[in-house]
Amino acid sequence: MSPQTPPPLEIHDLTVAYHKKPVLYGIDLVVPSGRLVGIVGPNGAGKSTLIKAILGLAPPSSGWVKIFGKPYRNNAKRVGYVPQRESVDWDFPVNVRDVVLMGRYGRLGWLKRPGKADREVARACLEKVQMLPYANRQISNLSGGQQQRVFLARALAQESDLYLLDEPFAGVDVATESAIVNILSQLRAQGKTLMVVHHDLTTARKYFDMLLLLNMRMVDYGPTDEVFTYEKLQATYGGRLTILSQVADSLSQEKENLPVGP
Amino acid sequence: MKMIPPFDIVSFFRAPWTEAWESSLWIVIMGFLVNAACGLVGSFLVLRRMALVGDAISHSVLPGIAVAFLLSTSRSSGLMMVGAVGAGLFAVWLIEFIHRNTRVKPDAALGVTFTTLFSIGVILIALYADQVDLDLECVLYGEIGFVYFAESFALLGMEVPIPVLRMAVTLFGLLVLLLLFYKEAVVTSFDPVLATSLGIPARWVHYGLMLSLSVVIVFSFESVGAILVIAMLILPSVTGSLLSDRLAHILIMSAVFSALYALAGLHLATWLNCSPAGAMVVAGFLLFCLAWILSPRRGLLTQLRKGRRGLRIEHGCTGSTGFE
Amino acid sequence: MHPNHPYRALALAGGLLLLTAGDLSAAKIGDLSDTRFWDQLIRFFSLRDPSLRYTLTASLFLGTCCGLLGSFIVVRKLSLMGDTLSHAVLPGVALGFLWTMTKNPWAIFVGATLAGLLGTVVVHWIHTTTHIKEDSAMGLVLSGFYALGICLFTMIQQLPTANKAGLDKFLFGQAAALSAEDLWMIGIVTILSLLAIVLFYKEFLVTSFDFGFAQALGLSARFFHYLIMLLLALSVVIALQAVGVVLVSALLITPAATAFLLTDRMHRMLIYASLFGMGAGVAGAFFSYLGNSLPTGPFIIVAASTLFALALLFSNRYGIIPRWIRNLSRDRRIQIENTLKAVYHVREKNAFSIDGIPVKALQNRRKLSPSEVEKEIRQLVRRGFASMDEPDPEALPDRERKLFLTPSGWETACRIVRNHRLWELYLTESVRYQPDHVHDDAEEIEHLLGEDIVRQLERRLNYPTRDPHGKLIPSLQDLSKTPLAGPSR
């Protein structure tokens, strides 16, 4: 990596505590440009937390994250984010186009309203995810797969260089899944970098260039062929690190200041 | 029963506009302004599932008003305004403080906080009744009926009652704020995580909303009291959301509803000889029930026709307060 | 001190009475009531007044009833349902009055209960048949029903019938105006609630904790849900006259929330909540008695809130101040442990050859200012972890001041260093940290590892002797190998 082009994402010794309970320990990784990276691990492994920590939404208790060589705040516009579907209220009175336009808000800044150019971008993004016919539909009348596509279109509208996707394949139909995979590879072909939280091991190998095996700490990280081995997956999924989670528990108790014992 | 006067459609529509028409006019205008301003702020509260925070603030401003009265004994002073808004924001802070620092859940924290502040307010008013020019009836259902008799201010050759003027300025200010920060308000309500990652400070939008809410509640307080204002915060936008799926349409509709509530409420109140503010809310509640039953998209009748009883969640009555 | 003592609860309640007495300027109340403050006080406690006896009995019953039922709604996060219910009864009160055209308590009772139940049902309907969220639904019903009630009330006020006096008591409460019939009703509802809770305690418990599980157990969870709602509606109605529409919900929520801060067990919570409810009721009755025309409700609520504030601040387990103190003492302990560790490091550097640690060396190691290090040393000495060799600077100007650890101090130092190094080893070996990343983590963890976790770590790492940086992990045997000499004088 030449010093002129800092990597899209660099994480150094990142430890994150949620509600004062550590959920991620000492993550260290560098994501090179133009890769499609899968984050894989069991439930409660801290996959979503890692994404949130990258976005500065879960403050780290130690370590740092750099986006293209700068702290997230200074480079927020280069990051697109696709949250889990359940994270929003789908009864909210907006239609599909409004949601996609929200992706443009970060570029607009205060007091400006989305203009014609923004609408054009939103239209193009909707077309990419094959949701243009639904542009005027209220979001509560969408299927799970369609909701996911809307979120993807919104992230596309952000026109970022690094995309973070939290379980984009959760509960979507087969057509949507392949459509999303398609878009992800198109984005990679354009030189974008993508990190995707994924929970399906059977497809993980097929979809991603690189894998990050996560279970409270980084079990392994590297090209899919090297990482996707029985031993390493066993190490990721095989039982929780009892001592680590015990200590996490006692740590959170201590910090919550509960007297230990009855 | 002699309590309900005979219903005569002609006199129902004409009665308010005979000898006391000027008073009626100002009641309707004031009712519209209060409803519209509350509805505007309230729609965002509803979207953020913070409807009951309005409840909390509207009760909590009472001690602020009482203290301000004790200090200044004048109703229209800026001090009262500051005291009351301060009390409202203090309540919001206290609720957050309690549930952040202890294991008391937000709903209980809210309940404890506003009832305490309200009690203190009532006690202050009862103890210093001679100094506080605010009777408890006003707290319970406001005195919008007397708006015409308030001090007035000459404007364009018209004698405009000061409360009306104040409310109009508030509504105008809210509209300006809404136009300026519409997209921030929407995105932070819909997806605060995305908002933060887009660099929009969700916290500041939250505080801004709480501040506007307190201001609106304080100015509405004299007219409609502490409890009816909750209806005015929630009713317009909830009724609107039964009829439309677009936020902009809902906001426009709630303005129309506000005018309807004010008019219908005045006529009801004149006919039945009851509290105009109460009647406005009753009218609004009836309109809501109509929309609930008849709404073409989401009404009960439509649901019945489609044969799907939209039973969404079998059970679970967890009151969300937006502080989770 | 353990929070779960009934005495503690009682002591809190007693403290509250005194506190509130100081709060509200007694002289002021005396002025208003045209009687002497002390006369009223004596009258109150001698229970000479029959109406006062009513009031007190009612307060005790209401406190019990609302405390018990309130506990269930607080743990179920339904607190605001109580608020909704209390406003929704208002039209029922008015209609009950219109039914008989007198202030017949039974008619009002029936009307109010029905209206309250209708309110909860409407909330449920709105919630299940529309997209409207529950908070909005509650707000709608609360204010809509209330508005209807207000319209009816203002209409009743226009009626020529004389017997409407006292209706406004429903709005703010006037416990002194309770009649014998009211008292009967209060008593019956309280006993009903008490009976229901005693009989169905385990059903209520499981339904409140996990509705789905209760259903899976074959319990008719729905029945118990509605039973609680019915009892809740009844208790709101009986409490109306004492505290008023707006504040009934506080009588349900506040004592229960206070109890929730003091205990983790449901049955204790029920007992505490009813005690607090009773205490608040008596205190409220007292203060409103002092000033003749003062509404009772607000005083009861302020009394209950004072209890809540006390619990919030001082509850042993969840209170803010005890937690703050625990924080401070933990920080101090960590400081001391760090100093002890520094002593270990200094000795280790000298291959454990010296016993006395020059103050200067400790200061350098801890990176503290001279005054800070002196403070640390004083702490160590006070806790019996160390002693100082203080040569007379005039007699022996060349000799340094030295610190000697006592056996317990040395043991603690070894324990902390062992924790630190074991954790580093665990992170590098089992969690695959890079060796240069483990130190900061271990700096924090070392103070928190309990003896059992340390044993587990040792077993898992196969009783290691060297940490990832090749340093010795001090074990208990090492302690005996390097016996400490006391300060040589």
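Below, chains carry the letters A, B, ... as their sequence lines are ordered, and counting in each starts from 1. We use all heavy atoms of the structure for the numbers below, so side chains are in, but hydrogens, waters and symmetry mates are not. Everything numeric here is computed off the predicted structure, so don't read it as measured data.
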K.L.:
Any idea which of C/Ser136, C/Gly82, C/Ala250 has the most non-hydrogen atom pairs under 4.5 angstrom with chain B?
P.N.:
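The option with the most such pairs is C/Ser136.
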K.L.:
Just so I know, are the side chains of C/Leu118 and C/Phe145 near enough to count as touching, which here means a heavy-atom distance under 4.5 Å?
P.N.:
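Yes. Closest side-chain heavy atoms under 4.5 Å.
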K.L.:
For each of C/Val243, C/Ile301, C/Thr84, tally heavy-atom pairs with chain B at distances under 4.5 Å, and name the one with the top tally.
P.N.:
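The candidate making the most pairs under 4.5 Å is C/Ile301.
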K.L.:
In terms of relative ring orientation, are C/His124 and C/Tyr226 parallel, tilted or perpendicular, with 30° and 60° separating the classes?
P.N.:
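Answer is perpendicular, since the angle exceeds 60°.
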K.L.:
Check whether any side-chain heavy atom of C/Leu247 lies under 4.5 Å from a side-chain heavy atom of B/Ser119, and answer yes or no.
P.N.:
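C/Leu247 vs B/Ser119: side chains touch.
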K.L.:
Quick check on B/Leu268 against chain C: is it the side chain, the backbone, both or neither that has a heavy atom closer than 4.5 Å?
P.N.:
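No part of it gets close to chain C.
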K.L.:
Counting heavy-atom pairs closer than 4.5 Å to chain C, which one of B/Val281, B/Val112, B/Leu228, B/Thr113 comes out on top?
P.N.:
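Highest number of pairs under 4.5 Å: B/Val112.
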K.L.:
Answer yes or no: is there a side-chain heavy-atom contact under 4.5 Å between B/Leu47 and B/Leu247?
P.N.:
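SC-SC contact between B/Leu47 and B/Leu247 confirmed.
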K.L.:
Please look at C/Phe260 and chain B and tell me whether the side chain, the backbone, both or neither of the residue comes under 4.5 angstrom of a heavy atom of that chain.
P.N.:
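Its backbone and side chain both get close to chain B.
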K.L.:
Any salt bridge linking C/Asp135 with B/Arg48? Criterion: basic side-chain nitrogen under 4.0 Å from a carboxylate oxygen.
P.N.:
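So C/Asp135 does not pair with B/Arg48 through a salt bridge.
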K.L.:
Count the heavy-atom pairs under 4.5 Å between each of B/Leu233, B/Val46, B/Leu45 and chain C, then report the option with the highest count.
P.N.:
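Option with the greatest count: B/Val46.
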K.L.:
Under a 4.5 Å cutoff for heavy-atom pairs, which residue among B/Leu286, B/Leu117, B/Val282 has the most contacts with chain C?
P.N.:
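Sorted descending by pairs with chain C, the first entry is B/Val282.
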K.L.:
Where on C/Leu140 is there a heavy atom nearer than 4.5 Å to chain B: the side chain, the backbone, both, or neither?
P.N.:
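Answer is both: backbone and side chain atoms of C/Leu140 are under 4.5 Å from chain B.
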K.L.:
Indicate yes or no: at least one non-hydrogen side-chain atom of C/Ser143 is less than 4.5 angstrom from one of C/His87.
P.N.:
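C/Ser143 vs C/His87: side chains apart.
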K.L.:
Would you mind reporting whether B/Asn101 and C/Arg323 have side-chain heavy atoms less than 4.5 Å apart?
P.N.:
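Counting from C-beta outward, C/Arg323 and B/Asn101 do come under 4.5 Å.
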K.L.:
For chain B, find which of C/Val75, C/Val246, C/Val74 contributes the most heavy-atom pairs closer than 4.5 angstrom.
P.N.:
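Looking at each of C/Val75, C/Val246, C/Val74 in turn, C/Val246 comes out on top.
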K.L.:
Tell me which of these, B/Leu242, B/Asn273, B/Thr116, has more heavy-atom pairs under 4.5 Å with chain C than the rest.
P.N.:
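Most heavy-atom pairs under 4.5 Å with chain C: B/Asn273.
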K.L.:
Do B/Ile227 and B/His59 have side chains that get closer than 4.5 Å, going by heavy atoms?
P.N.:
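Yes, side chains in contact.
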K.L.:
Counting heavy-atom pairs under 4.5 Å to chain B, which of C/Gly70, C/Pro298, C/Ala257 comes out on top?
P.N.:
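It is C/Pro298.
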K.L.:
Counting heavy-atom pairs under 4.5 Å with chain B, which one of C/Cys151, C/Gly297, C/Gly144, C/Gly139 comes out on top?
P.N.:
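With the most close heavy-atom pairs to chain B, the winner is C/Cys151.
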K.L.:
Using non-hydrogen atoms and a 4.5 Å limit, figure out which bit of C/Leu142 sits close to chain B: side chain, backbone, both or neither.
P.N.:
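Side chain only.
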K.L.:
Can you say whether B/Asp55 sits under 4.5 Å from chain C via the side chain, the backbone, both, or neither, judging by heavy atoms?
P.N.:
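The side chain, not the backbone.
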K.L.:
C/Arg76 side chain to C/Thr207 main-chain N or O, any donor-acceptor pair under 3.5 Å?
P.N.:
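Not a single qualifying donor-acceptor pair exists.
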K.L.:
Sort C/Leu148 into side chain, backbone, both or neither according to what part of it lies under 4.5 angstrom from a heavy atom of chain B.
P.N.:
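Interface part for C/Leu148: both.
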K.L.:
Is there a side-chain contact between C/Phe153 and C/Phe97, using heavy atoms and a 4.5 Å cut-off?
P.N.:
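In short, these two side chains do not touch, never coming nearer than 4.5 Å.
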K.L.:
Would you mind checking which part of B/Leu140 comes under 4.5 Å of any heavy atom in chain C, side chain (CB onward), backbone (N, CA, C, O), both or neither?
P.N.:
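Both parts, heavy atoms under 4.5 Å.
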